[in-house]
Amino acid sequence: MRRVENPAGVWPAPLCDLLRQGVGLALDRRLEERYRRLPATICQRHGHCCSLLPPLQPAEIIAWLIRSTQAGAAERAQSAASLIRHFLLNAVQRRPCPWALSGACADYDHRFLACRAYGLWSPAAYQERRQAAHEGQAAVAAAWASLGIRLPEAVLTPGPEYCRHVQLCNDGENRPSLDSLLCDSEEALTLSALGLSDELGLITCQGDLAHLVARLVLGERECLEAKVAVTRAWVEGRREEAQTLVERAVGQARVWASAAPRL
């Protein structure tokens, strides 16, 4: 992958080109078509699955960025600020999805595939993914420990348990396995499936929208340095210093958001 220089806070030309390609592909329409292939559901535990920011598929990341450029200035700034806070503080706080409301989603119509799939995976498939995520958390904790930072136990708690409260609106006597359909949906939302390249390394963020926005706002290396500084200050009890660093980055996020291109 060719390295693309990305000055902090700038919407780099390769990203703008990628977003324009996404507009040309009518990504929002494609996403809706893909989402409509999933069965309609009902659930009595509204918001239970919002305890973490879900991983996004590449097509969803591009679609979100496109919608961000089209949103009002205040909404755009608020979203960027929320995601920066999430990225800088999620190593020391168990933070819910930035769009989580009390028992609801602030952007339900545009909720991501991972949100729609929760409760649709078979118990075995979901547990396998949950275990993989837990092992990933353990690796992250070990990386922090190598820096002399011990993360709070609360942030290392595995993601939500399998939810048996999600019901299909047209559920038959025997509920069919939807694992293949969900895997096909994930594959259909990759960049390769859309014929797009990844010059900016969107894949390296592993579906973490907060990390991607932090990288675009602060810079690839600077966002990680800022996270280490915030995390170290927090665990050492220097909370005011940590919050000052976060608010400084939030200010940069608002500036970045105001510079969104017209596509």
Side-chain angles (χ1 to χ4, degrees), residues 1-38 53-84 86-87 97-99 105-117 182-220 223 252-263:
M1 180 183 71
R2 180 170 64 87
R3 178 177 175 81
V4 177
E5 293 300 326
N6 179 21
V10 173
W11 292 68
L15 175 60
C16 295
D17 290 343
L18 182 62
L19 300 187
R20 291 188 182 97
Q21 292 178 58
V23 171
L25 290 172
L27 270 189
D28 264 349
R29 177 178 57 77
R30 290 192 177 208
L31 287 173
E32 283 304 314
E33 290 175 353
R34 176 57 57 174
Y35 295 153
R36 280 198 295 269
R37 300 185 189 187
L38 303 180
L53 174 64
L56 275 63
Q57 300 305 313
E60 294 177 314
I61 291 176
I62 298 171
W64 182 86
L65 286 167
I66 291 171
R67 288 196 300 273
S68 181
T69 67
Q70 298 167 344
E75 178 184 349
R76 191 164 61 242
Q78 181 58 42
S79 292
S82 296
L83 287 164
I84 283 287
H86 189 96
F87 174 75
C97 174
W99 288 278
C105 172
D107 197 16
Y108 187 78
D109 288 343
H110 292 117
R111 67 195 186 282
F112 307 117
L113 178 63
C115 309
R116 298 167 191 266
L182 295 172
C183 288
D184 288 346
S185 295
E186 290 180 333
E187 177 60 31
L189 301 182
T190 62
L191 293 183
S192 59
L194 296 168
L196 300 174
S197 62
D198 189 25
E199 288 186 283
L200 280 166
L202 300 182
I203 303 302
T204 62
C205 290
Q206 299 181 322
D208 186 346
L209 182 61
H211 183 187
L212 176 63
V213 170
R215 196 174 80 180
L216 292 170
V217 170
L218 303 175
E220 183 174 351
C223 75
Q252 292 175 260
R254 294 184 184 279
V255 172
W256 173 82
S258 69
R262 293 185 178 182
L263 302 177

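Computed over heavy atoms, backbone and side chain alike; hydrogens, waters and symmetry mates excluded. Sequential numbering from 1 along the given sequence is applied to the chain's residues. Because the structure is a prediction, the values reported are computed rather than measured.
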Step by step, would you call R215 with T204 a side chain to side chain donor-acceptor pair (under 3.5 Å)? CA-CA 11 Å; R215 196 174 80 180; T204 62; 3.0 Å; yes
Output, in order, the C-alpha distance, side-chain angles, deciding distance and verdict of side chain to side chain contact (heavy atoms under 4.5 Å, CB included) for C183 and E187. CA-CA 6 Å; C183 288; E187 177 60 31; over 6 Å; no
Run the side chain to side chain contact (heavy atoms under 4.5 Å, CB included) test on L194 and R30 for me, step by step, so that the C-alpha distance in whole Å, both residues' side-chain angles and the decisive distance to 0.1 Å come before the verdict. CA-CA 10 Å; L194 296 168; R30 290 192 177 208; 3.6 Å; yes
Side chain to side chain contact (heavy atoms under 4.5 Å, CB included) between L38 and L182: does it pass, once the steps are laid out? CA-CA 8 Å; L38 303 180; L182 295 172; 3.7 Å; yes
For E75 and S79: C-alpha separation, side-chain torsions, deciding distance, then whether side chain to side chain donor-acceptor pair (under 3.5 Å) applies. CA-CA 6 Å; E75 178 184 349; S79 292; 5.2 Å; no
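Closest of all the heavy-atom pairs between F87 and A210 is CB-O, 3.7 Å. Across all non-hydrogen atoms, the minimal contact from P55 to A114 is O-CB, 3.7 Å. Closest of all the heavy-atom pairs between H86 and L53 is NE2-CB, 3.6 Å. Nearest heavy atoms, A188 versus A193: O-CB, 3.7 Å.
Annotation: side chain of R76 is not in contact with side chain of R254 (no heavy-atom distance under 4.5 Å). Residues V217 and L83 have side chains not in contact (no heavy-atom distance under 4.5 Å, counting atoms from C-beta outward).
With W11 contributing its side chain and W256 its backbone, the two residues share a donor-acceptor pair below 3.5 Å. A donor-acceptor pair is defined here as one N or O able to donate and one able to accept, closer than 3.5 Å; such a pair exists between the side chain of D198 and the backbone of I203.
Using a cut-off of 4.0 Å between Lys/Arg side-chain N and Asp/Glu carboxylate O, R29 and E33 are scored as salt-bridged.
Rounding to the nearest 0.5 Å gives a distance of 13.5 Å between CG of L56 and CD of Q206. Note: L202 CG to D208 CG = 12.5 Å, rounded to the nearest 0.5 Å. In this structure, CG on L218 lies 5.0 Å from CD on Q252, to the nearest 0.5 angstrom. Between the CG atom in L27 and the CD atom in Q21 there is a gap of 10.0 Å [rounded to 0.5 Å]. Atoms CD1 and SG, from I84 and C223 in turn, are 8.0 Å apart once rounded to the nearest 0.5 Å. Rounding to the nearest 0.5 Å gives a distance of 11.0 Å between CD of E186 and CZ of R34.
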Show me the donor-acceptor pairs, under 3.5 Å and distance only, between side chains in residues 58-73 and residues at least two apart or in other chains.
| residue | atom | partner | partner atom | Å |
| --- | --- | --- | --- | --- |
| E60 | OE1 | Q57 | N | 2.9 |
| E60 | OE2 | Y35 | OH | 2.5 |
| E60 | OE2 | L113 | N | 2.6 |
| R67 | NH1 | D28 | OD1 | 2.8 |
| T69 | OG1 | I66 | O | 2.6 |

